[in-house]
Amino acid sequence: MGEKLPGLVLVNRCVKDIAPQCVWLDNAQGTYLATKHLIEHGHREIAYISCEMALDDKAARFEGYQRALQEVGIAVNPDWVEEVPFGEQSGAIAATNLLNKGLPVTAVVAFNDFFAAAAMQVFREQGVSMPERLSIVGFDDVLPSCYFSPALTTIRGPIESAGMNAARLSLGEQTTAPVREFQPILIKRQSVQRR
């Protein structure tokens, strides 16, 4: 494929057959950092809100969540994992499901910031104080923190750097060895509190 479309660069995916033409984020490392941050704050009952769609991101992000828990000897509890349809109210559905289960969950890692925002609204409406009773971490850092109360701790991918690198790869202007896999960054705000 690369020979047929030499300027093609795939962004935010790594396709094995054309890996030299791909630029992507290490999604597993992102949820690993999010979950580890919660563990470092004393949380052990950590739920995960995911999507139902079969996406590479879905598998990678779940792997990072699992790895962080397993490193400290916490078994992944299937009741703590909510897979919901992709959509505006997905986080609300997941939060409602978690509340209805009556689980002793003290923290949540969300697949993205939109899921986190909707979940936070439901938790707040049900009288769950955040972060005092429940801490939450999002993923993507695409929504301004002013939309969240408390401001959302999240995972940020270096979108600008990845985009510039992809453009250079596409135009053949790379003068040094290109970075293809970008590392996520934990952005600490007010939605995580020590247990």
Evaluate side chain to side chain contact (heavy atoms under 4.5 Å, CB included) for C51 paired with F86, printing each intermediate quantity in order. CA-CA 6 Å; C51 66; F86 231 104; 3.7 Å; yes
Atom pair CZ/CD of F148 and Q190 - distance to nearest 0.5 Å: 12.5 Å
Any carboxylate oxygen within less than 4.0 angstrom of a Lys/Arg side-chain nitrogen, looking at D141 and R189? yes
Nearest 0.5 Å please: distance from the CZ atom of R156 over to the CG atom of L33. 13.5 Å
Are any non-hydrogen side-chain atoms of L98 and W80 less than 4.5 angstrom apart? no
Would you check, one step at a time, whether the test side chain to side chain contact (heavy atoms under 4.5 Å, CB included) holds for L25 with F139? CA-CA 12 Å; L25 177 68; F139 200 111; 4.0 Å; yes
Separation between CD1 (I46) and OG1 (T35), nearest 0.5 Å, reads 6.0 Å
Note: E82-K101 ion pair, threshold 4.0 Å (strictly below): yes
Output side-chain donor-acceptor pairs under 3.5 Å for residues 125-132, partner residues at least two apart or in another chain, one line each.
{"residue": "E125", "atom": "OE2", "partner": "Q121", "partner atom": "NE2", "Å": "3.2"}

Anything under 3.5 Å between a donor and an acceptor, one on a side chain of residues 105-112, the other on a protein residue two or more places apart or in another chain? List them.
{"residue": "T106", "atom": "OG1", "partner": "H43", "partner atom": "ND1", "Å": "2.7"}
{"residue": "N112", "atom": "OD1", "partner": "F114", "partner atom": "N", "Å": "3.1"}
{"residue": "N112", "atom": "OD1", "partner": "F115", "partner atom": "N", "Å": "2.7"}

Check: Q193 and P150 side chains under 4.5 Å, non-hydrogen atoms: no
Taking every heavy atom of L152 against every heavy atom of G138, the minimum-distance pair comes out as CD1-N, 3.8 Å
For the residue pair S149 and R124, what are the closest heavy atoms and their distance? O-NH1, 2.7 Å
Can you find a heavy atom in the side chain of I136 that is under 4.5 Å from one in the side chain of V192? no
Determine, for K58 against E83, whether the closest basic-nitrogen to carboxylate-oxygen distance falls under 4.0 angstrom. yes
Gap between atom CD of E71 and atom CG of L69 - 0.5 Å precision: 10.0 Å
Separation of T96 OG1 from Q89 CD (nearest 0.5 Å): 9.0 Å
Heavy-atom side-chain contact between R67 and Q29 under 4.5 Å: yes
Does the side chain of Y48 reach to within under 4.5 Å of the side chain of Q66, using non-hydrogen atoms? no
Please determine whether side chain to side chain contact (heavy atoms under 4.5 Å, CB included) holds for the pair V81 and Y65, giving the CA-CA distance in whole Å, both sets of side-chain angles, and the decisive distance to 0.1 Å. CA-CA 10 Å; V81 179; Y65 162 78; 4.2 Å; yes
For residues I155 and L186, determine if any side-chain heavy atom of one lies less than 4.5 Å from a side-chain heavy atom of the other. yes
Just do the side chain to side chain contact (heavy atoms under 4.5 Å, CB included) check on D140 and T154 with the steps written out, would you? CA-CA 7 Å; D140 292 329; T154 190; 5.6 Å; no
NE2 on H37 to CD1 on I187, rounded to 0.5 Å: 11.0 Å
